[in-house]
Novice: 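Got a structure for you, questions after.
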Amino acid sequence: MKKILLLILLSFIISPAVCAQDANLTFMYINGSNNNDKKMRDWYIKGVNKLHPVMKKQFENNAQIKKWSQDNKLIIQDVPQIFFWGYDSKTDLEFVKERLNISKAISSTLAYEVRSLLTQFLHDAIWVQKTHNMLPILDELNERVKIQDKNNQKVILWGYSAGTFVTYQYLLYKLPYINLEKLFTALKTDEQMLEFVRQNPQKDTCLSALTHDKGNIGVMTNTGHLVLNQNTEKLKENYLKSDQMTDKYCAPAGSVKGVVNFASPIPLFFSDIADKDYEINFYNKYMIKYILENGIYFLTVNFREDPLGFPSSNNLTIKQLEEKLDLTIETPTGVIYDNSSVWSKRSALFAHTSYWSARNVFAKNVVKSFVNGTKFYYDEEYQNKILNKKTKKSEVL
């Protein structure tokens with residue numbers, strides 16, 4: 001009898017410990033533009049609630065993703081989470097609409113209709129792209145991610161349309177990819193300050209923890225250049241608070257398992273990342289290194305009929321990325337992959353808003369992108385097959 005009671009007691013002790021190893025995986029969906037009133041907010045939420053069960057099922061039925069989930073001890077949550085920023089732009093949009101109404105009396109009908117259409121589709125995308133509007137949104141999103149992490153819930157961020165701006169900027173500002181000694185060296189800080197940094201090492205941090213009224217180690221200029229605090233004593237004082245600022249303003253390490261961007265117009269609105277003189281690219285390349293070294297999946301999936309679905313980049317191998325970034329990527333496990341050739345079987349007029357109605361096609365192709373992206377990076381035979389196909393295609397052209 002004592003043995004039986006002991007076994008029962010052990011089962012109660014062991015079971016919670018085993019269960020605690022598993023984490024919930026939250027799919028957090030981020031809205032796009034033109035979602036700043038109740039009608040459009042409801043449209044977006046209704047679409048997500050139709051899409052999520054299909055997406056979850058596709059993830060769980062795929063053998064490779066199932067293995068990835070088991071290896072990372074992840075269980076996908078039944079209920080999606082929605083991070084909604086649409087209402088934040090409402091005041092500015094109302095101002096534009098007032099001017100639009102004034103123009104109605106003095107413009108031709110065609111000019112007014114075109115102007116109205118552009119306002120409807122582009123205002124929020126332009127609004128959220130501006131840094132002073134974006135940063136508070138990133139802080140709010142990060143608080144959501146931190147709450148998830150405290151509850152042992154990891155996240156995949158799903159950025160729709162202008163929501164892709166939020167996911168991209170979130171990775172850029174919130175991932176802890178910045179080594180402070182390397183940063184101070186790259187910024188050509190004087191030797192005395194460098195020695196102070198070496199003697200007082202701090203953990204890797206993020207752009208948000210360094211800049212503005214947060215860490216106040218430096219400020220970011222319009223050209224993407226980080227200018228360090230010119231008051232040396234204040235700089236040292238703020239530097240010593242870096243770990244505290246990192247915990248407060250950066251994403252917890254390991255909390256973000258992936259990003260899926262869809263209906264993405266990022267290249268249209270962030271084309272300055274192609275400018276070699278734009279210094280934000282210094283941080284961008286270390287962000288990419290962090291993504292690949294920390295097992296994060298960064299996927300872009302667009303319908304080919306979607307006029308606003310821009311490919312994010314050519315799919316490059318690890319070796320090609322190292323050459324392009326002039327960095328060594330150590331023991332990579334992450335994936336950055338673009339699939340913008342998905343047939344939605346929708347007209348160009350409706351494709352941008354059809355990711356919910358064509359959810360089966362979309363979900364299958366997200367899974368396909370996960371699988372093919374992994375194979376392209378880590379299966380040499382598959383990689384060579386794709387590269388040879390690209391070479392033959394370019395020779396024909």
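Remember, it's a predicted structure, so these values are computed and weren't measured experimentally. For the single chain, residues carry numbers from 1 onward in sequence order.
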Novice: Are the side chain of N24 and the backbone of K154 linked by a donor-acceptor contact shorter than 3.5 Å?
Specialist: no
Novice: Between N360 (side chain) and V54 (backbone), is there a donor-acceptor pair under 3.5 Å?
Specialist: no
Novice: For D243, does its backbone N or O pair with a side-chain atom of Q202 as donor and acceptor, under 3.5 Å?
Specialist: yes
Novice: Under 6.0 Å between ring centres, would you say that holds for Y355 and F362?
Specialist: yes
Novice: Looking only at atom types and distance, does a side-chain atom of D379 sit under 3.5 Å from a main-chain N or O of E381, one as donor and one as acceptor?
Specialist: yes
Novice: Quick one: are I45 and F84 in side-chain contact, heavy atoms under 4.5 Å?
Specialist: no
Novice: Does any donor atom in the side chain of S208 or K174 lie under 3.5 Å from an acceptor atom in the other side chain?
Specialist: yes
Novice: Angle class for the F184/Y239 ring planes (parallel below 30°, perpendicular above 60°, tilted otherwise)?
Specialist: perpendicular
Novice: For the pair D338 (side chain) and S340 (backbone), establish whether a donor and an acceptor sit closer than 3.5 Å, ignoring hydrogens and angles.
Specialist: yes
Novice: Quick one: pull up CD1 in I386 and CG in N315 and give me the separation to the nearest 0.5 Å.
Specialist: 9.0 Å
Novice: Quick one: are L321 and L292 in side-chain contact, heavy atoms under 4.5 Å?
Specialist: yes
Novice: Between W356 and Y44, does the ring centre distance come in under 6.0 Å?
Specialist: yes
Novice: Is Y29 close to F83 at the side-chain level, that is, under 4.5 Å between some pair of heavy atoms?
Specialist: no
Novice: Give the minimum heavy-atom separation between Q383 and Y377, together with the two atoms involved.
Specialist: NE2-O, 3.7 Å
Novice: Is the shortest heavy-atom distance from the side chain of N62 to the side chain of Q64 under 4.5 Å?
Specialist: yes
Novice: Any donor-acceptor pair under 3.5 Å linking the side-chain atoms of N142 with those of Y249?
Specialist: no
Novice: Measuring from atom CG of N72 to atom NZ of K257, what distance do you get when rounded to the nearest 0.5 angstrom?
Specialist: 4.5 Å
Novice: Quick check for you: to the nearest 0.5 Å, what is the distance between D190 atom CG and T232 atom OG1?
Specialist: 6.5 Å
Novice: Would you check if T211 and I217 make a side-chain contact, meaning some heavy-atom pair closer than 4.5 Å?
Specialist: no
Novice: Transitively linked via ILVMFWY side-chain contacts under 4.5 Å: L180 with L327?
Specialist: yes
Novice: Calculate, to the nearest 0.5 Å, the distance between atoms CD1 and CD1 belonging to I329 and I288 respectively.
Specialist: 8.0 Å
Novice: Counting only N and O atoms by type, is there a donor-acceptor contact under 3.5 Å from the side chain of Q320 to the main-chain atoms of T317?
Specialist: yes
Novice: The test is side-chain contact (heavy atoms from CB on, under 4.5 Å); show your working for L187 and F282 and say whether it passes.
Specialist: CA-CA 11 Å; L187 294 176; F282 170 82; over 6 Å; no
Novice: Does one side chain, of T333 or Y378, offer a donor that lies under 3.5 Å from an acceptor on the other?
Specialist: no
Novice: Is the backbone of I296 close enough, under 3.5 Å, to the side chain of N294 for a donor and an acceptor to pair up by distance?
Specialist: no
Novice: Answer yes or no: is there a donor N or O on one side and an acceptor on the other, between the side chain of T26 and the main chain of M28, under 3.5 Å?
Specialist: no
Novice: Evaluate the criterion side-chain contact (heavy atoms from CB on, under 4.5 Å) for residue pair Y286 and N179; output intermediate values, then yes/no.
Specialist: CA-CA 10 Å; Y286 281 97; N179 178 284; over 6 Å; no
Novice: For Y160, is there any backbone N or O sitting under 3.5 Å from a side-chain donor or acceptor partner on T164?
Specialist: no
Novice: With R346 as the cation and F303 as the aromatic partner, state whether NZ or CZ is under 6.0 Å from the six-membered ring centre and within 45° of the axis.
Specialist: no
Novice: Have N261 and T300 got a donor and an acceptor in their side chains that come within less than 3.5 Å?
Specialist: no
Novice: Between F59 and F27, is the ring centre distance below 6.0 Å?
Specialist: yes
Novice: Would you check if there is a donor-acceptor pair between the side chains of Y168 and N284 at a distance under 3.5 Å?
Specialist: yes
Novice: Do the ring centers of Y297 and F370 come within less than 6.0 Å of each other?
Specialist: yes
Novice: Mind running side-chain contact (heavy atoms from CB on, under 4.5 Å) on K146 and S255 for me, showing each step along the way?
Specialist: CA-CA 8 Å; K146 287 170 67 179; S255 58; over 6 Å; no
Novice: Please check if atom NZ in K56 has more than 12 non-hydrogen atoms from other residues, nucleotides or ligands closer than 6.0 Å.
Specialist: yes
Novice: Around K368, counting heavy atoms of other residues, nucleotides and ligands shown, do more than 12 lie under 6.0 Å from its NZ?
Specialist: no
Novice: Return yes if a side-chain donor-acceptor contact under 3.5 Å exists between N339 and S369, otherwise no.
Specialist: yes
Novice: Just how far is it from atom SG of C206 to atom OH of Y290, taken to the nearest 0.5 Å?
Specialist: 10.0 Å
Novice: How would you list, by chain and number, every residue that makes a side chain to side chain donor-acceptor pair (under 3.5 Å) with K375, sequence neighbours excluded?
Specialist: none
Novice: Keeping the roles fixed (side chain from Q169, backbone from T167), state whether a donor-acceptor pair exists under 3.5 Å.
Specialist: no
